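Read through the structure below, which is laid out as structure tokens, and then see the notes.
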2 protein chains.
Amino acid sequence: MNTPPANDDGALAPQGTADDAPLAPTPAAPSDPVGLHRRVLDAVGEAICSGRYEAGRRLTLEELQREHGVSRTVARDTMRVLETMSLVTSGRRVGIVVQDPSRWNVYDPQLVHWRLASDRRDEQYASLTELRIAVEPVAAGGAARRASGTQRLELVRLAAELQRLGQGGDLEAFLAADIAFHRLILRSSGNEMFAALDGMVSEVLTSRTRQGLMPFHPRDEALEAHHRVAQAIADGDAARAESAMREVLHEVRAALHLNA
Amino acid sequence: MNTPPANDDGALAPQGTADDAPLAPTPAAPSDPVGLHRRVLDAVGEAICSGRYEAGRRLTLEELQREHGVSRTVARDTMRVLETMSLVTSGRRVGIVVQDPSRWNVYDPQLVHWRLASDRRDEQYASLTELRIAVEPVAAGGAARRASGTQRLELVRLAAELQRLGQGGDLEAFLAADIAFHRLILRSSGNEMFAALDGMVSEVLTSRTRQGLMPFHPRDEALEAHHRVAQAIADGDAARAESAMREVLHEVRAALHLNA
DNA sequence: CGCCTGTCAAAGATATCACCATTAGGTGAA
DNA sequence: TTCACCTAATGGTGATATCTTTGACAGGCG
């Protein structure tokens, strides 16, 4: 068909990030190529995630369109999307009510993006990391059972590249290979719910490296563990893949529980 | 806290299920108390999840409003919600394009609901079960570290009740207690991404019992494992809680891998 | 002489808008 | 305390603007 496989991400960053968008509402910008309602959606969603719109607060459509200088339909669309994420509920006569965070659809990539951009970044980061710890070993086991031949070969290749890059000092290249490794495992796991997490994992890994949170000792043990994961998957040994991946995540686990 | 286990739904079944809704479009039913666009949303969402609208298929707003006898705004709202779930993309001039399943937001509770109601129920069920296997042990560990005192007591109570009910023959009561147990662990884990899965876990457990897929031997080993999980959480022993929960899920794992 | 490419115009579908209908929460009086 | 009325805010409608695709046509190149 006409769906080029080149664009293979787009899960977490629907738009090219707010590169130029200031915090100002900029009420009059009708000639924007980016959809008009996306701007409002981002603004309101981020406001809710950051806590500026606390739970229980009541908004109204008219307030929204006045605030952002948009029409009723746009405000309505925004509200509908937010309602889908369970960030708000809309009732007649009561308006739009911001919901408690415990009700949010915290797996929505857009919501994750907003939360990672907000003050509560650390909380979101910790949750995602713990999710990684839970999912990735089982995903590795699934990959050992269900990955395709090409995927197995590519995993072994990536593990070798990781080992090579770990000895050098190129952080960026190492990060890219690391992300590719973990993403490929998730996508090869044969479980679409695991595969759907690949965007989040890459955000977490990127964030970890960028923040310098990662104690950048690509220690031999960790690299060796990566290699064993790939080898176990290639051999179709699910149990070994799972336990090796647990070892990979061991230092991550230690770092996380130190904070908590 | 003030989160009683009584309120145990609301996550997966936003509406009281389609109790009266037939499959017929019923184009003229303006006096329905249930929102009009919810009807269209359910119809289209289910059509996509079931595969009747295959990936790459192009719909149009006009087609939607003709098909369901609704106005443009309702069709648009539906499309926007579906776009939020990444079930479709909407582009100018191209219309609404059904996306490949690999792009879906498979963690959206509504989407899970549709998929569980479709023909591909088994696939969704397997994914959810594997997700349970991955998450619940780590969640139990988190609960051991971060649960409140009330939650720990309640868990021990529920484990005892499970053991009592397991000796009797009341499937329904046992199922209810089992659901409450697993949900409480997820909610006590201190990780909102784990807590958000509680609705899915209860759907899986319910489905498993209803389908008779569960080999209903509430074996002493399993019951004992439940008890050990609760005790470990009460003691704050994360490692023991995690490993005990793995034992609880062991038979689930075996049943799943037999199929796969 | 045939094929390829770049440009231009028309059409088709969403994006946006102003407007009416409906209903539910609040308020005041009996 | 209860009931009825009122108003505020969403639910829903149809029309218009705008943008993107797509098809054709003309010109150039092999």
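Residue numbers start from 1 in every chain, and the chains themselves are labelled A, B, ... in the order their sequence lines are given, proteins ahead of strands. Keep in mind that this is a model prediction, so the values were computed, not measured. Just so it is clear, the values below take in all heavy atoms, side chains as well, and ignore hydrogens, waters and symmetry mates.
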Discussion item. So, OP1 or OP2 of D/dT13: does either fall under 4.0 Å of a side-chain N or O from B/S71?
Written reply: yes
Discussion item. Assess the residue pair B/S102 and B/D100 against the criterion (side chain to side chain donor-acceptor pair (under 3.5 Å)); give the C-alpha distance rounded to whole Å, side-chain angles, the decisive distance to 0.1 Å, and a yes or no.
Written reply: CA-CA 5 Å; B/S102 68; B/D100 191 80; 2.9 Å; yes
Worksheet item: Expressed in angstrom and rounded to an integer, what is the separation of B/L64 atom CG from D/dG14 atom P?
Response: 16 Å
Fill in: Polar side-chain atom of B/Y107 near backbone of A/M193 as donor-acceptor pair, under 3.5 Å
yes
Discussion item. What's the closest nucleotide to the side chain of B/V74 if the choices are C/dA15, C/dA18, D/dG12?
Written reply: D/dG12
Worksheet item: Quick one: A/R38 CZ to C/dA15 P, roughly how many Å, whole number?
Response: 11 Å
Response to the item:
B/M79 atom CE is separated from C/dA15 atom C1', nearest whole Å, by 9 Å
Worksheet item: Separation of A/Q65 atom CD from C/dC17 atom P, in whole Å?
Response: 9 Å
Worksheet entry | A/R183 side chain to A/S202 backbone, donor-acceptor under 3.5 Å | no
Discussion item. Without decimals, in angstroms, what is the distance between B/H68 NE2 and D/dT13 C1'?
Written reply: 18 Å
Discussion item. Measuring to OP1 and OP2 of C/dA15, would you say a side-chain N or O of B/R80 lies under 4.0 angstrom away?
Written reply: yes
Worksheet item: Looking only at heavy atoms, what is the nearest atom pair of B/V88 and B/M79, with distance?
Response: CG2-O, 4.0 Å
Worksheet entry | Donor-acceptor contact present, side-chain A/S50 to main-chain A/E46, <3.5 Å | yes
Discussion item. Tell me the interatomic distance from B/R76, atom CZ, to C/dA18, atom C1', rounded to whole angstroms.
Written reply: 15 Å
Discussion item. Side-chain N or O of B/S90 versus OP1/OP2 of C/dA13: is the shortest distance under 4.0 Å?
Written reply: no
Worksheet item: Do A/R132 and A/V201 come close enough that some side-chain heavy atom pair is under 4.5 Å?
Response: yes
Nucleotide N/O of nucleotides 5-9 of chain D paired with protein N/O under 3.5 Å:
residue, atom, partner, partner atom, Å
D/dA8, O4', A/R93, NH1, 2.4

